[in-house]
Number of protein chains: 4
Amino acid sequence: MTQSENSSIQDVALIVGGGPGISSSCARLFSKNGMRVAVAARNPDKPVLETLEKKHGVRRYTCDATDPAGVAQLFDHVARDLGTPRLVIHNIDGRVPGIFRKTIIEADPAMAFETVRNAAFSAFLVGQQAARRMLGNTPDANGAKGTIIFTNASAALKGFPSSGAFAMACHAKSGLAQSMARELMPQGVHVANVPIDAAIGWTQEDGSRAHRLAGTTVDDNMADPDHIAETYLQLHRQHRSTWAVEVVLRPWAERW
Amino acid sequence: MTQSENSSIQDVALIVGGGPGISSSCARLFSKNGMRVAVAARNPDKPVLETLEKKHGVRRYTCDATDPAGVAQLFDHVARDLGTPRLVIHNIDGRVPGIFRKTIIEADPAMAFETVRNAAFSAFLVGQQAARRMLGNTPDANGAKGTIIFTNASAALKGFPSSGAFAMACHAKSGLAQSMARELMPQGVHVANVPIDAAIGWTQEDGSRAHRLAGTTVDDNMADPDHIAETYLQLHRQHRSTWAVEVVLRPWAERW
Amino acid sequence: MTQSENSSIQDVALIVGGGPGISSSCARLFSKNGMRVAVAARNPDKPVLETLEKKHGVRRYTCDATDPAGVAQLFDHVARDLGTPRLVIHNIDGRVPGIFRKTIIEADPAMAFETVRNAAFSAFLVGQQAARRMLGNTPDANGAKGTIIFTNASAALKGFPSSGAFAMACHAKSGLAQSMARELMPQGVHVANVPIDAAIGWTQEDGSRAHRLAGTTVDDNMADPDHIAETYLQLHRQHRSTWAVEVVLRPWAERW
Amino acid sequence: MTQSENSSIQDVALIVGGGPGISSSCARLFSKNGMRVAVAARNPDKPVLETLEKKHGVRRYTCDATDPAGVAQLFDHVARDLGTPRLVIHNIDGRVPGIFRKTIIEADPAMAFETVRNAAFSAFLVGQQAARRMLGNTPDANGAKGTIIFTNASAALKGFPSSGAFAMACHAKSGLAQSMARELMPQGVHVANVPIDAAIGWTQEDGSRAHRLAGTTVDDNMADPDHIAETYLQLHRQHRSTWAVEVVLRPWAERW
């Protein structure tokens with residue numbers, strides 16, 4: 001076991017957003033690597049989160065990530081229960097269903113704004129609290145006080161037609177991540193933006209295939225959340241002499 | 001006079017945002033080129049806008065550009081008074097003063113959100129109304145039904161430290177513009193994003209120098225809003241066979 | 001006539017590359033705007049260049065733009081005959097025919113290297129000579145000593161499959177343009193890179209449609225070189241307070 | 001040991017470029033992970049390469065990477081001696097010393113061209129041979145037939161002043177990598193471009209600090225080649241459902 005693998009043992013990881021895809025994969029992988037893991041969701045009573053608790057000892061928290069006081073309280077509670085996180089994942093898509101595939105003419109303004117609030121403002125709140133807490137950490141063996149990772153989407157790289165609200169939200173998240181990286185990295189906190197340029201799909205415990213977006217064809221050309229989680233762990237373990245700020249992940253057969 | 005110059009005569013231009021810099025320069029230039037010009041601002045009674053009306057026949061409108069109903073009404077009133085616009089400029093910076101130079105740790109969440117709402121959500125509302133109206137226009141000599149231009153800032157190109165909220169807002173605006181361009185250009189509406197990578201400064205009528213940001217040194221290395229307005233008019237007059245979607249303007253001596 | 005239009009009267013323009021598309025359109029437009037125009041090509045005896053001379057007084061020069069001594073001599077001769085250029089256009093595609101649509105497996109290395117030499121090394125040579133001469137000019141009414149414009153292609157924005165050599169050449173040209181812009185703009189020379197993200201097509205004098213790439217469907221979705229030339233002239237006339245370094249031009253209906 | 005770690009055991013790795021920094025770190029790390037490692041250099045008799053052979057069993061090859069026949073022969077010899085590579089690293093900076101910090105006015109054209117040939121044309125040749133061989137491999141446990149990694153520099157991200165030739169070379173390499181990625185990834189070969197946005201420095205066996213660029217201050221703000229090598233190995237081991245095409249590495253305290 002190398003020093004950099006050793007460095008994260010007993011680290012606390014907080015995952016904000018609690019779905020069956022990336023969040024669950026992260027929770028499992030981090031837990032298997034010896035971290036104490038917290039997952040926060042609007043509704044922490046979902047079966048998928050209960051399973052994480054039972055099988056992997058993951059701690060569940062209720063949080064509306066668009067509420068400043070709620071996010072501050074989440075970090076307080078995690079610190080109290082597990083310790084100050086060294087790894088925070090913001091994993092919220094944020095799209096209001098009614099905004100999907102709507103042209104700029106059709107899109108409902110309130111839904112557009114809600115999408116920006118859900119995806120980008122929550123990233124600001126989570127990033128702010130993570131930064132406040134992590135700056136007090138002592139540097140680990142890799143010279144880092146902590147890692148903040150923002151899951152992002154293709155819409156961060158390209159503004160697609162009939163997707164204006166999500167383009168706003170994802171671009172906003174990229175801008176935030178880049179600003180935070182420039183600000184926090186010289187203070188020892190690693191910030192990374194990870195646009196997943198793909199549909200996300202995975203094999204469930206019963207062997208069947210699951211995927212995040214309804215209507216997506218289930219095939220080989222999807223990003224597997226277990227492998228996304230591996231990249232996140234690698235980013236967390238990067239030595240501070242070689243930090244990556246943006247990593248785009250896409251399946252081999254994706255057209256881009 | 002060329003055909004492309006001729007095409008915009010009697011066009012209606014609507015400028016949303018009413019400061020003494022770019023908005024005023026645009027209003028003057030568009031008016032001199034024979035366009036009927038409307039300017040909308042939260043407070044249209046500012047002396048600078050009164051001067052535009054008296055000297056250049058510019059029509060003033062009251063509008064809170066973050067209010068969906070208010071923006072729809074603005075377009076109704078302009079259509080009623082002057083005709084449906086063929087050129088719409090979104091020229092709102094949107095930063096709440098208290099957010100300036102605040103680190104991610106210090107930034108007030110409500111102010112951060114207000115900045116995104118002011119700058120990016122208003123762009124969505126203005127862009128949406130502009131698109132709705134312009135799609136009904138007949139193509140002009142350049143093959144265009146209209147032009148929508150978003151003034152943007154350096155923060156759209158780079159997330160600067162201690163500027164997370166503005167980075168979010170400006171990146172969001174870029175994402176929106178790109179999505180709208182992909183969607184609307186094939187329908188005949190030109191969409192352009194113009195990040196001004198500079199402080200903005202100009203010479204006032206009394207010969208003294210003015211500039212937008214307090215504390216900025218007034219010198220030669222600033223973007224002159226009269227020349228920004230020229231670029232906007234050129235973008236409006238581009239033939240649809242050669243449309244530019246993003247034009248970054250910066251002064252000769254700017255470091256970047 | 002505005003001051004900025006006046007500033008370019010009697011300017012000398014040198015266009016390197018002499019085809020019937022962008023180069024001819026530039027030569028005609030610059031000439032109509034009162035500039036003395038030189039065109040350089042490997043073979044200046046093409047009918048299209050003879051027509052430019054007869055109808056528009058354009059001066060023709062022989063030059064292999066990949067030969068350092070030849071390019072230096074070209075600038076000497078133009079200076080002797082017409083004066084030091086204030087506007088230099090590098091308009092060389094450079095692709096060796098045999099490299100078209102070749103996969104990385106199939107591409108002939110010598111042809112790949114020849115493509116880079118033709119497109120990018122010639123840009124270096126032309127840019128270098130242009131810079132050397134222009135720095136001695138006195139600033140015009142816009143504060144500029146001169147303008148250097150590099151015509152570029154979609155491959156500068158995106159490395160397409162089966163196009164590795166051209167991706168290298170076009171990316172190289174972008175890197176050169178950006179480096180030169182950072183270096184020369186503070187010294188008063190405007191440098192711009194103009195990727196044309198489209199096939200190029202135009203209507204010939206007999207009313208028929210022409211296009212640059214064999215096999216391209218002639219339709220409305222092409223960049224018209226006459227309008228590209230307009231953008232080049234506008235770039236040349238931009239005031240130094242608001243210079244654009246990169247302008248991507250694409251037709252309204254292009255997918256990107 | 002996970003399946004993805006297992007997948008690379010007995011893999012053959014070929015590193016083209018043989019300095020004491022990244023190449024040596026890669027050779028050591030790949031060797032420690034069970035790979036058979038070949039290093040090719042113009043001069044394979046350097047003490048640093050002899051040490052790699054003695055201590056780590058690395059096989060040395062002579063190769064001028066700008067010579068098409070030489071590169072083909074290198075791949076033949078490696079295949080004969082060790083097997084077809086599954087991991088190929090192109091790690092050539094390529095700058096001719098005389099081109100350093102030269103303005104566009106001063107830069108010697110022959111040196112500029114040599115820089116492009118050394119850095120970018122060699123990347124084309126190495127990439128082409130790697131692709132030809134790897135496409136015949138059977139997919140490993142991650143679904144990959146092989147990985148091609150191009151080490152790149154800050155100049156791939158930004159054209160710096162007084163660095164035109166290197167900007168050309170590095171941008172060309174990025175364009176090539178992107179084109180190859182779009183072409184080869186759907187065929188099972190992972191292609192990655194890794195711009196190192198930093199000076200490179202490391203601690204030598206005697207405890208003293210070494211660095212790649214003469215005149216660079218040796219301090220904490222440098223990219224450690226051992227950690228760069230870790231990223232390369234991780235890229236090689238990524239599952240094909242989540243491949244990264246470009247990863248920028250920079251030290252925590254770097255300004256960008």
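Letters A, B, ... are given to chains in the order of the sequence lines, protein chains preceding strands, and every chain is numbered from 1.
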I'd like to verify something: which residue of [options] has the highest number of heavy-atom pairs under 4.5 Å with chain C?
options: D:L176, D:I105, D:L157; answer: D:I105
options: D:R132, D:E106, D:Q178, D:M168; answer: D:M168
options: D:A123, D:A155, D:A169, D:G159; answer: D:G159

Residue pair C:I104, D:F124: steps toward the side-chain contact (heavy atoms from CB on, under 4.5 Å) verdict: CA-CA 8 Å; C:I104 185 72; D:F124 178 90; 3.7 Å; yes

Side chain / backbone / both / neither for C:A181 at chain D, heavy atoms under 4.5 Å: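 Contact with chain D is absent: no heavy atom of C:A181 under 4.5 Å.
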
Would you compute the distance between atom CG of D:L125 and atom CZ of C:F113 and round it to the nearest 0.5 angstrom?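 Result: 9.0 Å between the selected atoms.
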
Distance from D:R182 atom CZ to C:S163 atom OG, nearest 0.5 Å?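 The CZ atom of D:R182 sits 11.0 Å away from the OG atom of C:S163.
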
For [X], which atoms come within 4.5 Å of any heavy atom of chain C: side chain, backbone, both, or neither?
X: D:P109; answer: both
X: D:K158; answer: both
X: D:A177; answer: neither
X: D:F160; answer: backbone

With no hydrogens and no angle check, is any side-chain donor or acceptor of D:S179 less than 3.5 Å from a backbone partner on C:G164?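 Yes, D:S179 side chain to C:G164 backbone: donor-acceptor pair under 3.5 Å.
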
Using only atom types and a distance under 3.5 Å, with no angle test, would you say the side chain of C:E183 pairs donor to acceptor with the backbone of D:P161?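 No, because the side chain of C:E183 does not come within donor-acceptor range (under 3.5 Å) of the backbone of D:P161.
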
Does atom CZ (C:R80) have a neighbourhood of more than 12 heavy atoms from anything else shown, all under 6.0 Å?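 For C:R80, atom CZ is crowded (more than 12 foreign heavy atoms under 6.0 Å).
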
